[in-house]
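Take a look at the structure below.
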Number of protein chains: 4
Amino acid sequence: MGSTPQQRRGNTRQRIQDVALELFAEQGYEKTSLREIAERLEVTKAALYYHFKTKEDILVSIFEDLNRPVEELLAWGREQPRTLETKKEILVRYSAALGAAAPLFRFMQENQAAVRDLSIGKTVKERVMGLVDLFMEPDASLADQVRCSTALFTMHAGMFTIKDLEGDPEEKRKAVLEVAFELVTRAHGAESAG
Amino acid sequence: MGSTPQQRRGNTRQRIQDVALELFAEQGYEKTSLREIAERLEVTKAALYYHFKTKEDILVSIFEDLNRPVEELLAWGREQPRTLETKKEILVRYSAALGAAAPLFRFMQENQAAVRDLSIGKTVKERVMGLVDLFMEPDASLADQVRCSTALFTMHAGMFTIKDLEGDPEEKRKAVLEVAFELVTRAHGAESAG
Amino acid sequence: MGSTPQQRRGNTRQRIQDVALELFAEQGYEKTSLREIAERLEVTKAALYYHFKTKEDILVSIFEDLNRPVEELLAWGREQPRTLETKKEILVRYSAALGAAAPLFRFMQENQAAVRDLSIGKTVKERVMGLVDLFMEPDASLADQVRCSTALFTMHAGMFTIKDLEGDPEEKRKAVLEVAFELVTRAHGAESAG
Amino acid sequence: MGSTPQQRRGNTRQRIQDVALELFAEQGYEKTSLREIAERLEVTKAALYYHFKTKEDILVSIFEDLNRPVEELLAWGREQPRTLETKKEILVRYSAALGAAAPLFRFMQENQAAVRDLSIGKTVKERVMGLVDLFMEPDASLADQVRCSTALFTMHAGMFTIKDLEGDPEEKRKAVLEVAFELVTRAHGAESAG
DNA sequence: AATGAATGAGAGTTCATTCAT
DNA sequence: CATGAATGAACTCTCATTCAT
């Protein structure tokens, strides 16, 4: 059963993306060869090149597809009032976005050096900085800036560091969110109170 | 005068490590070739093999040298009473250790996928988990476990994420420590108070 | 209005030949890929295969079309008396034939190695030798043989070497013809006078 | 007894150049693969890359070695008085230079398109134009310019076109020279007489 | 303490070509 | 009249590694 050659027709592009992301996340970008991807799909390397211009292009296409929700979140966040409620809502939504594209974000977390040198590097950096900006008050102290960065980072780390902790995944996600809330709340309160 | 060939004699091993670490941190482990290292040192690739058995061995030797303080910190921490004071002292010392070997830790942070597959991967993971254990109370809640992980992670992130923030490096280090303190304190207080 | 898809209908074959020749002349036969040809025509590679059996077949078809006048000139020449007047007339007609299919002859001049290995190679060589034979007296001295070859070659060279010289193209063509006349005349005179 | 591996040591670079030139001249630059060169030498492709940076670099190195006499001839020619005697002497010397590096010049003649796109293309063109300049009087008529170009071109053609004519090679070389003399003499006389 | 010469394996990429639709 | 999808073979080039000297 499964996927006969006939059934596969027309979704090869998608299947390449799926397998590639799986392998990129598992082994890293550099260590994953196109031969490996092709073999796992039972097509030839040349078939990959029918669908994508380069190896990098495979990653770019994955990124563009899966990163869109984050992009939208960023746009949404920029139009909201800078309240604590908004910030919490952003964290909740971000957590959902990360969960929905976990392999991609795990990959980016674990291959920062590789990603930095790729064409998506610039975008990734801008996205992260854009999000941190949504949490940060204009005149935030250094410690508060660290708190906001850390809040975001905690969630990224939650993708894979925390996965070694035992416990129900959903509860872990909540725990991560709780700590992120805490950090952002503190950073928020400090300014509005000060 | 700089370093004439004569002066260099006998410290080639050290120079290889320095250049290798620099390049590993800059470009990643996989993307750095032995040719590149050799060229920058103006020796041949074969010379590298006189001093090190393999490419991986170069990294291992760097890691063994620069990770020693962390190893010692871990040993020390395990003999201390599990007080909040101890935990804070560990954070202070860890911060110093990270600062002293910044390129290595930046490298490990940005190349987690590569490191994981190398022989040092297991050790690195144990080291991190060992440190987190020093902060964690035996019956800590999930949220507290996240707090402790995050405290450590905040410091790693401080190596490179925070470097984009403006401000005096020393003050940034303090700000990072402050947030880490906060997280560990909360995790500590929750248990002893509960 | 240019060439809308509708207008293009039915002359795709011709358009392929045009674009292919243009690229072959520009970049050489080997360096020109079918992908490139197809892209420039905004059709798929498979479309090329609807009209031509192979890449080589494209070139063959171009050659067969554009070389016909030379073929006819050769046949005509063979039926004429071997006078100096005839020889000059052949040169004049050959010059016109070259001018009318300049890109093809430039291509052949600049890609002799490639042409030689293709199926047209044999024909091309026979054509050139056939023409030289029309100039050459049966018992011509070696120097006269060289003169006749050179006369023809001068005209080929005129396609592209001389194009770096400044001056009106039409005048250059005449200058080339003049020199070719000279060479053929000398070779002719030597024999008839000797 | 032929070339045992021991005997080969130390002249591999030279042998690569020899075999490469042979194949380039035989089949063209593009159609000659590094695999082919390596196989004929019974070394691996990687060995070629120990001695040369790229495929193109192999050709460049051959060109630099074998083109030197032409370079020197050009320099010499520029310091001589612009007499007919000088021009003839240049032709004689050029003929010798071409004969000494026949495979290279045959290659360049038959692969003009490929050569043009390579890094040596510019140099080749300058060399030819430089030589033609040595023959050309400043105010030469178009026909005389063609004569001078043709004189040079005749010699290049002599490398391979004329090789189909029967006769002793040395006598053919003389015949070619004779025709070249004639062309240059006419171009020279026209000006000094005019 | 180091080099020169080489290798085997494999990388990413491109090519002309095929064929069911 | 043409496309979409794919292939097999080949390409140039780079890599970590070896070893006699």
Side-chain angles (χ1 to χ4, degrees), chain A residues 5-6 8-13 16 30-38 41-58, chain B residues 5 8-13 30-38 41-58, chain C residues 5 8-13 30-38 41-58, chain D residues 5-6 8-13 16 30-38 41-58:
Chain A
Q6 284 76 6
R8 287 203 218 115
R9 285 267 164 75
N11 64 340
T12 302
R13 197 190 139 93
I16 293 171
E30 320 268 7
K31 282 200 73 170
T32 300
S33 70
L34 296 183
R35 181 183 51 72
E36 232 175 328
I37 298 174
L41 287 166
E42 294 180 277
V43 297
T44 60
K45 274 186 291 170
L48 306 185
Y49 278 91
Y50 175 76
H51 293 281
F52 300 95
K53 274 214 309 274
T54 62
K55 181 184 180 185
E56 185 169 350
D57 193 37
I58 299 179
Chain B
R8 286 205 217 114
R9 283 248 177 90
N11 65 340
T12 301
R13 198 190 138 91
E30 319 269 7
K31 282 199 74 172
T32 301
S33 69
L34 295 185
R35 181 181 52 68
E36 229 175 330
I37 298 174
L41 287 166
E42 293 179 281
V43 298
T44 60
K45 273 186 290 176
L48 306 184
Y49 279 90
Y50 178 80
H51 293 282
F52 299 95
K53 270 212 315 272
T54 64
K55 180 184 180 185
E56 187 169 349
D57 193 37
I58 299 179
Chain C
R8 283 204 217 115
R9 284 250 175 87
N11 65 338
T12 302
R13 196 189 139 91
E30 319 269 6
K31 283 200 75 171
T32 300
S33 69
L34 296 185
R35 181 180 52 68
E36 227 174 334
I37 297 173
L41 286 166
E42 294 179 278
V43 298
T44 60
K45 272 185 292 175
L48 305 185
Y49 279 90
Y50 177 80
H51 293 281
F52 299 95
K53 270 212 318 274
T54 63
K55 180 184 180 184
E56 186 169 349
D57 193 38
I58 299 179
Chain D
Q6 284 75 7
R8 288 205 217 112
R9 285 266 165 73
N11 64 339
T12 302
R13 197 189 138 92
I16 293 172
E30 321 267 7
K31 282 199 74 170
T32 301
S33 71
L34 296 183
R35 180 183 52 71
E36 230 175 329
I37 298 174
L41 286 167
E42 291 179 283
V43 297
T44 60
K45 277 184 288 169
L48 305 185
Y49 279 92
Y50 175 77
H51 293 282
F52 298 95
K53 274 213 308 274
T54 63
K55 180 185 179 183
E56 186 170 349
D57 193 38
I58 298 179

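Proteins come first, then strands; the chains are lettered A, B, ... in the order of their sequence lines, and each starts at number 1.
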Query raised in the report: Do any side-chain nitrogens or oxygens of B:T44 fall under 4.0 Å of OP1 or OP2 in E:dA2?
Result: no
Separation of E:dA11 atom C1' from A:K45 atom NZ, nearest Å, is 7 Å
Exam field: side chain B:K55 to backbone B:T32, donor-acceptor pair closer than 3.5 Å: yes
Between C:Y50 and F:dA2, is there a contact of a side-chain N or O with OP1 or OP2 at under 4.0 Å?
no
Give a yes/no answer on whether the side chain of A:H51 brings an N or O atom under 4.0 Å of OP1 or OP2 in F:dA6.
yes
Side-chain contact check for B:A46: nearest option of E:dG12, E:dA16, E:dG4 is E:dG4
Between CD of D:E42 and C1' of E:dT7 the distance, given in whole Å, is 15 Å
Under 4.0 angstrom between D:T54 side-chain N/O and F:dT12 OP1 or OP2: no
Here the gap from D:L41 atom CG to D:L48 atom CG, rounded to the nearest 0.5 Å, amounts to 7.0 Å
Distance col, row D:R35:CZ vs D:K45:NZ, nearest 0.5 angstrom, shows 8.0 Å
Regarding the side chain of A:K55, the nearest nucleotide among E:dT13, E:dT7, F:dA5 is E:dT13
Between CZ of B:F52 and C1' of F:dA16 the distance, given in whole Å, is 16 Å
Of all heavy-atom pairs linking B:K31 and B:E36, the shortest is O-OE1, 3.7 Å
**Asked** For A:R35 and E:dA11, is the shortest distance between a side-chain N/O and OP1 or OP2 below 4.0 Å?
**Response** yes
B:Y49 has its side chain closest, among F:dG8, E:dA6, F:dA16, to F:dA16
A:K31 NZ to F:dC15 P, in whole Å, measures 16 Å
CD1 (D:I37) and CD1 (D:I58) are apart, to the nearest 0.5 Å, by 5.0 Å
To the nearest angstrom, the CG-P distance between B:L41 and E:dT3 comes to 10 Å
Minimal heavy-atom distance between C:H51 and C:R13, with the atoms involved, is O-NH1, 3.6 Å
In terms of heavy-atom contacts, C:A38 and C:T44 come closest through CB-C, 3.8 Å
On a heavy-atom basis, the closest approach of D:K53 and D:D57 is N-OD2, 3.2 Å
Exercise. Are any of C:T12's side-chain N or O atoms less than 4.0 Å away from OP1 or OP2 of F:dA2?
Worked result: yes
Sorted by position of nearest nucleotide on DNA chain F, 5' first, the leading residue of B:L34 and D:E56 is D:E56
Per nearest nucleotide of DNA chain F, the residue lying toward the 5' end, B:T32 or C:L48, is C:L48
Pairing string of DNA chain F (Watson-Crick or G-U wobble, both atom distances under 3.5 Å; | = paired to other strand) is .||||||||||||||||||||
In whole angstroms, the gap separating C1' of E:dA16 from CD of C:E36 amounts to 14 Å
Side-chain contact check for D:S33: nearest option of F:dT3, F:dC11, F:dT7 is F:dC11
Rounded to whole Å, CD1 of A:I37 lies from P of E:dG10 at a distance of 16 Å
